[in-house]
Amino acid sequence: MDDDDHLHLRLKAYEGRPAAVSGAGRDPVNAPMIRHWCEAMGDANPAYTGPGAIAPPTMLQAWIMGGLSGHAGRAQAYDELLALLDEAGCTAVVATDCEQEYARPLRPGDEVAFDTVIESVSRRKTTKLGVGYFVTTRTEIRAGGTLVGTHRFRILKYAPAAREPHPEAAEAATTATAATGNTPANGTATRNGTATAVTEARQPELRPRPVVNRDNAGFWAGVRDHRFLIQRCAVCDTLRFPWLPGCNACGSAEWDTVDAGGEGTVFSYVVMHHPPFPAFSPPYAVGLIELAEGVRVISDVVDVPYDKVRIGMPVALEFRVYDDELTLPVFRAREGAA
C-alpha cells in the first residue's frame, strides 16, 4: 500500500460522520432578504412577493450560512478531516459545485434547522489548480421538523501547483489573434461598433478559476473571445444574466445571445476587508454593475480607490487577461467619473 492509498483510507474513515450537528439558521426566513436576493438576481417572479410569498428555492443555502463568524455547531470530525488534509500539504481550498433538492417551499417566518454529514472523500485527483481531494458534505434542512431541502456542497482541498509567470504570453496572444481574430492583451476589442478595452494583468499568485458548467459554458467561451454575451429569451425577448437554462419571465427554454455594449453604472457595491487571499489585496471594491442593457453582473471595479467607488458611477467593461487560461470581465470608471 503506497502513501496515497494509506491517506485515502484514513480520509474515507470520516465518511458518514457529522460535519455539523443541530445547526440553526441565524434568522427566520424573511421578506427583506428575499427582496434583496430577487433584486440582485433580476428575478421578478410574483411568487416571491405578496401575502402568500415563498422564498426562491435556490436561496436554500442562504438561510443556513453562518457568516464570517461561522456556526458554533461544526463537528470535530470535520475539523479533523480538514486538518488531516492540511498535514498532507492540501492547504488550499476552493468550492467546486453544489446540488440542491427541494421538498417544500420556505415561507417568511419559517425557522430552519440543519444537520450536515461528510458524504464522500474522493481519491487523490490531479487538477489544474493542483493535486488534492474532493470532499462532499450533505446538509438536510428542516423547518418545524419537516424536511424542506437537501444541499450537497463539494470542495477541493489541494496542494497549489507551482505556477510561473509567462513572459512569452504576449507573443502567444498575438499569434492567437492572427489565427482566430481575437484581440491581444493590452488592446481594444470592437463589437457592434463599441470599443472594449483588453488589458494584461499578469500576477504570480493563482487567481481563482470560475466554475464552468453546461449552463454557463457559452458565456465563458464568449469571454475568451473578449465578448460579454447576455442570454435573450427566444419567445419573450427578455434579457437575463447570469445564464440560466430557462427564462425567468415566461419559462421558455429557447434562447439566443446578444453582445453587451460595455457601458454600465454601479448599482451597488461592497468593500472587501476579509478574508485575505494571495491573489487579492484588501481592501478592494466589488460592484453590482447594471449594464445599459438592463441586466446586472457582479464584478471587480478596477483602477479606482475602493473609497472612491460610488453608487451611480459610470463604468465601462474591460477584459483583463490574468494568465494564459484566464480572462475575466471587469469594470473601470469611465473617464471623469472617479
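Without hydrogens or angle criteria, N216 side chain to F219 main chain gives no donor-acceptor distance under 3.5 Å. Here the side chain of D225 pairs no donor or acceptor atom with the backbone of G222 at under 3.5 angstrom. With hydrogens and angles disregarded, a donor-acceptor distance shorter than 3.5 Å links the side chain of R334 to the backbone of V315. Looking at D300, its side chain never comes within 3.5 Å of a backbone N or O of V302 through a donor-acceptor pair. Distance alone, capped at 3.5 Å, is enough to place a donor-acceptor pair between the S252 side chain and the E254 backbone. Counting only distance, with no hydrogens or angles, the side chain of T126 and the backbone of V131 share no donor-acceptor pair below 3.5 Å.
Summarising the local packing, CE of M33 is surrounded by 12 or fewer heavy atoms from other residues, nucleotides or ligands at distances under 6.0 Å. Atom CZ of R17 has more than 12 heavy atoms from other residues, nucleotides or ligands within 6.0 Å.
For the side chain to side chain donor-acceptor pair (under 3.5 Å) test, residues two or more places apart in sequence or in another chain that qualify with E15 are K12. Partners of D307 by salt bridge (charged side-chain N to carboxylate O under 4.0 Å, His left out), not counting sequence neighbours: none found. Judged as a salt bridge (charged side-chain N to carboxylate O under 4.0 Å, His left out), and not counting sequence neighbours, the contacts of D79 are R74. In this structure, D237 has no salt bridge (charged side-chain N to carboxylate O under 4.0 Å, His left out) partners at least two apart in sequence or on a different chain. For R232, the side chain to side chain donor-acceptor pair (under 3.5 Å) criterion is met by D256, not counting sequence neighbours. In this structure, the salt bridge (charged side-chain N to carboxylate O under 4.0 Å, His left out) partners of R104, at least two apart in sequence or on a different chain, are D110.
Under a hydrophobic clustering in which Ile, Leu, Val, Met, Phe, Trp and Tyr are joined whenever their side-chain heavy atoms come within less than 4.5 Å, directly or via other members, F319 and V304 fall into the same cluster. L147 and L60 fall into different hydrophobic clusters, where Ile, Leu, Val, Met, Phe, Trp and Tyr side chains are chained together by heavy-atom contacts under 4.5 Å. Clustering ILVMFWY residues whenever any of their side-chain heavy atoms sit less than 4.5 angstrom apart, transitively, puts V330 in the very cluster that holds V321. Under a hydrophobic clustering in which Ile, Leu, Val, Met, Phe, Trp and Tyr are joined whenever their side-chain heavy atoms come within less than 4.5 Å, directly or via other members, W220 and L229 fall into the same cluster.
Sorted by first and then second residue, the salt bridge (charged side-chain N to carboxylate O under 4.0 Å, His left out) pairs with a member in residues 82-92 read D86-K157; sequence neighbours excluded. Sequence neighbours left out, not one pair with a member in residues 45-64 passes side-chain hydrogen bond (donor to acceptor under 3.5 Å, both in side chains). Applying the side-chain hydrogen bond (donor to acceptor under 3.5 Å, both in side chains) rule to pairs touching residues 27-43 yields nothing, sequence neighbours excluded. Listed by first then second residue, pairs satisfying side-chain hydrogen bond (donor to acceptor under 3.5 Å, both in side chains) with a partner in residues 238-247 read Q231-R240, not counting sequence neighbours. Residue pairs that meet the side-chain hydrogen bond (donor to acceptor under 3.5 Å, both in side chains) test with at least one member in residues 284-298, sequence neighbours left out, are E290-R296. Pairs engaging residues 115-154 under the ring pair (Phe, Tyr, Trp, His ring centres under 6.0 Å) rule: H151-F153 [sequence neighbours left out].
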What's the verdict on side chain to side chain contact (heavy atoms under 4.5 Å, CB included) for L7 and L84, showing C-alpha distance, side-chain angles and the deciding distance? CA-CA 9 Å; L7 176 59; L84 186 58; 4.1 Å; yes
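Between Y78 and E80, the side chains place no donor N or O within less than 3.5 Å of an acceptor N or O (distance only, hydrogens not considered). A donor atom on one side chain and an acceptor atom on the other are not found under 3.5 Å apart for T327 and R224.
Counting heavy atoms from C-beta on, the side chains of P28 and P108 never come closer than 4.5 Å. Two residues are said to be in side-chain contact when any heavy atoms from C-beta on lie closer than 4.5 Å; F331 and L291 meet this criterion. Looking at heavy atoms from C-beta onward, P208 lies in side-chain contact with F280 at the 4.5 angstrom threshold. Side chains of T150 and R138 form a contact here, defined as non-hydrogen atoms less than 4.5 Å apart. Between V286 and I298, some side-chain heavy-atom pair lies under the 4.5 Å cut-off. Side-chain contact between V94 and I155 is absent, with no heavy atoms from C-beta onward closer than 4.5 Å. Taking the side chain as every heavy atom from C-beta outward, M272 and P282 never approach each other to under 4.5 Å.
The aromatic ring centres of F228 and F241 sit less than 6.0 Å apart. Taking the ring centroids of Y306 and Y269, they lie at or beyond the 6.0 Å cut-off.
Here R152 does not pair with D97 in a salt bridge; the nearest charged N to carboxylate O distance is not below 4.0 Å. Checked for salt-bridge contact, K308 and D303 miss the test: no charged N lies under 4.0 Å from a carboxylate O. Ion pair D5/R123 flagged as a salt bridge, since at least one NZ, NE, NH1 or NH2 atom sits closer than 4.0 Å to an Asp/Glu carboxylate oxygen.
Counting all heavy atoms, side chain and backbone alike, I311 lies closest to S268 at CG1-CA, 4.2 Å.
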